[in-house]
Protein chains: 2
Amino acid sequence: MATGRTERPAHRGRGIPEATVARLPLYLRALTALSERGVPTVSSEELAAAAGVNSAKLRKDLSYLGSYGTRGVGYDVEYLVYQISRELGLTQDWPVAIIGIGNLGHALANYGGFASRGFRVAALLDADRAVAGQRIAGMVVRHMDDLEQIVRDDGVSIGVITTPAPAAQGVADRLVAAGITSILNFAPTVLTVPEGVDVRKVDLSIELQILAFHEQRKSSTEPAPGPAPVPAAVTPAVSPAVAPAVTRPTASGGDLGGDLPEVMPA
Amino acid sequence: MATGRTERPAHRGRGIPEATVARLPLYLRALTALSERGVPTVSSEELAAAAGVNSAKLRKDLSYLGSYGTRGVGYDVEYLVYQISRELGLTQDWPVAIIGIGNLGHALANYGGFASRGFRVAALLDADRAVAGQRIAGMVVRHMDDLEQIVRDDGVSIGVITTPAPAAQGVADRLVAAGITSILNFAPTVLTVPEGVDVRKVDLSIELQILAFHEQRKSSTEPAPGPAPVPAAVTPAVSPAVAPAVTRPTASGGDLGGDLPEVMPA
DNA sequence: TAGATTGTTAATCGATTAACAATC
DNA sequence: TAGATTGTTAATCGATTAACAATC
């Protein structure tokens, strides 16, 4: 229950920074957990800790939405849940279509997380006629041929692409042609879309590769990439003279393995 | 095959910016596609277009790895694939363990993308004894009790958490205790880990919420959240008097559903 | 040499953070 | 009032980008 507090949309209308928008869902999740535990208010310090961010950042982020806290007290949990939900557009229903019912599409269709929080799986689609017609998560998979009609009839506003990489761009084109302006892409491809269409991607192998980069730096105790401090004054002018020892005529034949790693087969 | 070019590790040893590290996999993917098409060289302009970034950014990113291009010519595709792979640590094998074999864990286990590119699913684990023992993607699911032994025996360095949210922190703690220092978290929870442990997260509902935010701004032509300009002087002093109509005592009871998004059932 | 394209500089932009005045 | 905590300022940091000298 919010104490009858007034709102000042402040920055509203223009310009909540992208970095802030990306964190609002985290705050919302932390607040929802607090709400379920019956916690009435939180300080920025507590909420920041729960969301895994710095409290100054949290306060700055929230200040873009308005002045929803009370000095000396903190934030009313329910009230802030509402305000963030509204800002994110979660007070309305967002019908989502999942395109490409393979392993991942199947898993997402069964994923409970959609239903709550304003999202609703409105349709499952696949280009394979053997897949279309199957019943998954209580829904009948439709064929891609019906895409335009489904988007129109069900008011689908967000498309989730879970096709193999080679099919993704074509699907994106059709989604855009059908009027969809928000796409969540799970296929490992860069999608090209017109201005005004938002694409976000979820990319497993990119995340793994970033982890591998850091993991490599940890385990290796070699002077260069390791956590070693700057080796006693590497004078810029000197390095060219120091470097030649590292110079290699070609990348192949080293102990590094001359072969370039093959990427995903498909 | 690289043209006999010399290498200058330049910035190496310390500090490739995180933003750059996060893009290297994109470049690698684009380069691999070019390599498969037999393209021998690319300009920064072409490669940047393929990766969906600005060419100045690409050149700056690559400059952190060294001087691997040729002025007036461009980059040797094979050579650059090799250099980026090496930088990311993909010239070695990274055994991965997937913990939590529900919908998503199952899908990931069957996902081909792992195997290529230096990653290898070394083990599948689940806390449920009814799941352990099952055969999935040619592997027998092991019970969580065996975690420590598996990490040790198989040299697992990366843990992928696909458990329900409430179980994730406990699993993370055990992974860390077992010596794992890189975690990819699919559960919608903030994980707390010691210094030196890297956590990256993949979060479907956060991505959807970010899309919803932008989608809302597009479709709504309402004055406040829409793309409308600042409505004729919203004097700060006045807003408290204007706002009360929007003030609501509580957020619950709405269509928001007070529920936190449940993750995959298992 | 003339044309092309890299690698780097420097300016700009946006995000983070500590600190603190405002205020409950 | 005294204590607590927000909302905001300003300094800092890091990332992006245009522009161009270096050089193949």
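Reminder, nothing fancy here: chain letters follow the sequence lines and each chain counts from 1.
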Looking at A:Arg217 and B:Asp198, is there a salt bridge between them, counting it only when a charged N and a carboxylate O are closer than 4.0 Å? no
Need the pair for C:dT23. Rule: Watson-Crick or G-U wobble, both distances under 3.5 Å, any strand; none if unpaired. D:dA4
If I take atom NZ in residue A:Lys57 and atom P in nucleotide C:dA15, what distance separates them, rounded to the nearest angstrom? 11 Å
Nearest non-hydrogen partners of B:Val190 and A:Ala50, listed with the distance: CG2-O, 3.8 Å
A:Arg59 side chain N/O closer than 4.0 Å to the phosphate oxygens (OP1, OP2) of C:dA22? no
Which whole-number value in Å describes the distance from B:Asp61 CG to C:dT6 C1'? 14 Å
Check whether any side-chain nitrogen or oxygen of B:Asn54 sits under 4.0 Å from OP1 or OP2 of D:dA15, and answer yes or no. no
Ranking A:Lys60 and A:Val73 by the position along DNA chain D of their nearest nucleotide, the one closer to 5' is A:Val73
Should D:dT12 form a Watson-Crick or G-U wobble pair with both distances under 3.5 Å, which nucleotide is its partner? C:dA15
Name the residue closer to the 5' end of DNA chain C, choosing between B:Ala56 and A:Arg23 according to the nucleotide with the nearest heavy atom. B:Ala56
Between C:dG7 (P) and B:Tyr68 (OH): distance, integer Å: 11 Å
Run the side-chain contact (heavy atoms from CB on, under 4.5 Å) test on A:Leu26 and B:Lys201 for me, step by step, so that the C-alpha distance in whole Å, both residues' side-chain angles and the decisive distance to 0.1 Å come before the verdict. CA-CA 12 Å; A:Leu26 281 176; B:Lys201 67 167 192 289; 4.3 Å; yes
When you compare the side chains of A:Ser182 and B:Glu215, does any donor N or O come within less than 3.5 Å of an acceptor on the partner? yes
Using whole Å, report how far CG of A:Asp76 lies from P of C:dC24. 16 Å
At less than 4.0 Å, is any side-chain N or O atom of B:Ser44 found next to OP1 or OP2 of C:dT6? Yes or no. yes
Whole angstrom value for the distance that separates P of D:dG14 from OH of B:Tyr64: 11 Å
Are A:Ile158 and A:Ile183 close enough, and set up right, to give a side-chain contact (heavy atoms from CB on, under 4.5 Å), and what steps lead you there? CA-CA 6 Å; A:Ile158 299 177; A:Ile183 294 174; over 6 Å; no
Please check the phosphate of C:dT5 (OP1 and OP2 only) for any side-chain N or O of B:Ser43 closer than 4.0 Å. no
Please determine if a side-chain N or O atom of B:Thr70 lies less than 4.0 Å away from the OP1 or OP2 oxygen of C:dT6. no
Nearest-Å distance for atom pair CG/P, residues B:Leu47 and C:dT5: 14 Å
Interatomic distance where CZ belongs to A:Arg71 and C1' belongs to D:dG7 [whole Å]: 5 Å
Integer-rounded Å distance: C:dT5 P and B:Tyr75 OH: 12 Å
